[in-house]
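The structure under discussion appears below in the form of structure tokens.
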Protein chains: 2
Amino acid sequence: MTDKGQLAGFLDVLYQIQPLSTEAVDAVLSLCSLIPIRKNQNLQEIGRRCKTIYFVKEGLARIFYLKDGVEVTEYFAFENDLIIRAESLFTGKPSKKAIQALENTVFIGIPAEPLFSLFDQSPEIERLFRKVIEQAYVATVHRMETIQFHSAEERYAQLLDEKPDFIKRISLKHIASYLGITQVSLSRIRAAVR
Amino acid sequence: MTDKGQLAGFLDVLYQIQPLSTEAVDAVLSLCSLIPIRKNQNLQEIGRRCKTIYFVKEGLARIFYLKDGVEVTEYFAFENDLIIRAESLFTGKPSKKAIQALENTVFIGIPAEPLFSLFDQSPEIERLFRKVIEQAYVATVHRMETIQFHSAEERYAQLLDEKPDFIKRISLKHIASYLGITQVSLSRIRAAVR
DNA sequence: CCCGTCCTTTTACAAATGTTAAATAATCAG
DNA sequence: CTGATTATTTAACATTTGTAAAAGGACGGG
């Protein structure tokens with residue numbers, strides 16, 4: 001159980017998605033816990049089953065996995081962003097991915113089992129999380145588009161345009177793997193643009 | 001309103017995801033309509049708002065969009081697969097994508113507005129569609145992985161492995177754009193493998 | 001059956017990206 | 001502040017992929 005005041009910003013974000021009754025807010029809050037993780041430490045390790053829905057309260061985190069021994073970044077989460085390993089959470093399989101704090105980060109954790117039980121009593125909570133997942137789905141479809149048939153330069157230009165925060169706060173090696181290109185290639189592109 | 005018998009296969013697929021009461025099934029069915037589309041014709045055109053959730057009853061369809069005048073295939077839908085233009089349906093914006101039948105196809109269409117209204121009366125229906133979207137989300141995350149940091153050859157090999165049906169029923173030019181590579185590149189890869 | 005259209009492959013070449021290694025630059029711990 | 005570590009850039013070269021054009025193949029309509 002966590003203090004309402006501490007989570008005001010987070011609750012506000014949820015409210016924009018789907019307003020909840022006071023009771024429903026309290027029920028969700030009763031499941032929330034705050035989890036501080038230091039920079040470069042992992043919240044979740046590769047190979048474990050993911051049974052928790054996370055949001056970033058403050059800080060910055062990523063999901064990454066290993067491909068031929070090289071880290072590939074799948075996703076970045078900023079303040080109030082959802083961060084879940086969907087391929088494990090929704091399937092029950094062990095995840096091939098890790099969640100890592102890129103800055104000192106405080107996560108909000110909501111254990112999935114009790115949350116799903118809440119859905120039975122409170123359809124409005126289920127609706128909220130349905131919409132959260134819908135948004136995540138739309139974002140992922142959009143991200144696929146930005147990668148699918150685009151050159152390295154196009155991907156970088158689009159990222160600059162759509163997510164200028166990324167370049168400010170995230171190291172270039174992580175940006176590169178997020179774009180699906182090598183650090184060297186990204187460096188080259190930046191040199192050419194300049 | 002559509003006949004229960006005609007949609008037995010479809011209902012069975014839904015049942016595997018989330019069993020519904022008879023009343024709920026009837027309520028969903030009352031919204032379903034069958035839409036036959038001939039090979040190479042579009043069910044939905046680029047630029048229109050998407051207000052319908054589709055499934056493929058029989059046949060084969062794709063979602064595609066234009067990038068620099070070239071068609072890029074985002075998604076293929078086989079029998080009983082969901083096919084939605086999420087970036088329009090869940091945002092209300094006009095879609096940049098078209099839905100096209102690649103074979104003579106019968107779609108099942110469920111208008112979104114009445115369906116969302118049903119959710120208010122029947123949480124179990126909302127749950128069903130929450131899970132449908134969760135599955136679509138997981139599939140999309142997985143698909144992004146297969147593209148993000150993989151060579152053309154790796155993408156093709158993985159597709160052969162995971163979706164052998166694709167190669168059997170879909171023309172190579174569509175496969176190529178789905179993989180985010182050119183037809184020529186795909187031809188080259190096939191020649192090398194052989 | 002034949003013609004025309006569309007799909008697929010092949011070729012030759014250009015451009016983009018990966019790889020390896022080294023040189024700078026930035027950051028952090030002590 | 002200084003040395004060590006880590007991040008970023010640059011360079012040279014190899015490989016992959018794209019582009020354009022042509023040649024086969026497959027297929028459907030008349």
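Predicted model only: the values in this text are computed from it and were never measured. Per chain, numbering begins at 1; letters A, B, ... match sequence-line order.
- Note: CD1 (A:Ile147) to C1' (C:dA16) measures 17 Å, nearest angstrom.
- Every residue meeting the side-chain hydrogen bond (donor to acceptor under 3.5 Å, both in side chains) condition with B:Gln158, not counting sequence neighbours, appears here in chain and number order: B:Glu162.
- The side-chain hydrogen bond (donor to acceptor under 3.5 Å, both in side chains) test applied to A:Tyr75 returns no partner, not counting sequence neighbours.
- Counting only residues at least two apart or on different chains, the side-chain hydrogen bond (donor to acceptor under 3.5 Å, both in side chains) pairs with a member in residues 104-123 of chain A are A:Asp120-B:Arg127.
- Sequence neighbours left out, the pairs with a member in residues 40-68 of chain A that pass salt bridge (Lys or Arg N to Asp or Glu O under 4.0 Å) are A:Arg62-A:Glu71, A:Lys67-B:Glu154.
- The salt bridge (Lys or Arg N to Asp or Glu O under 4.0 Å) analysis of residues 138-151 of chain B, with sequence neighbours excluded, yields the pairs A:Lys97-B:Glu145.
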Heteroatom pairs (N/O) under 3.5 angstrom, protein to nucleotides 4-8 of chain C:
| from | atom 1 | to | atom 2 | distance (Å) |
| --- | --- | --- | --- | --- |
| C:dC7 | OP1 | B:Lys173 | NZ | 2.9 |
| C:dC7 | OP2 | B:Lys173 | NZ | 3.0 |
| C:dT8 | OP1 | B:Leu172 | N | 3.0 |
| C:dT8 | OP2 | B:Leu172 | N | 3.3 |
| C:dT8 | OP2 | B:Lys173 | N | 3.0 |

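- Residues B:Phe64 and B:Val72 fail the side-chain proximity criterion, which asks for heavy atoms closer than 4.5 Å.
- With the end axes of the helix from C:dC1-D:dG30 to C:dG30-D:dC1 each set by five pairs, the angle from one to the other reads 50° at 10° resolution.
- The interatomic distance linking A:Glu154 (CD) with C:dA15 (P) rounds to 16 Å, in whole Å.
- Listed by chain and residue number, nothing satisfies the ring-ring contact (aromatic ring centres under 6.0 Å, His included) test with A:Tyr15 (two or more places apart in sequence, or in another chain).
- Screening residues 92-118 of chain A for ring-ring contact (aromatic ring centres under 6.0 Å, His included), with sequence neighbours left out, gives A:Phe116-A:Phe119.
- For residues 171-180 of chain A, the set of pairs meeting the salt bridge (Lys or Arg N to Asp or Glu O under 4.0 Å) definition, not counting sequence neighbours, is empty.
- One can place CD1 of A:Ile175 at 13 Å from C1' of D:dA7, the figure rounded to the nearest angstrom.
- By the ring-ring contact (aromatic ring centres under 6.0 Å, His included) test, B:Phe166 is found to be paired with B:Phe76, B:Phe78, B:Tyr178, residues two or more places apart in sequence or in another chain being considered.
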**Asked** How does protein reach along nucleotides 11-30 of chain D, written 5' to 3' as B (base within reach of a heavy atom under 4.0 Å), S (only sugar-phosphate), or - (no contact)?
**Response** BB----SBBB----------

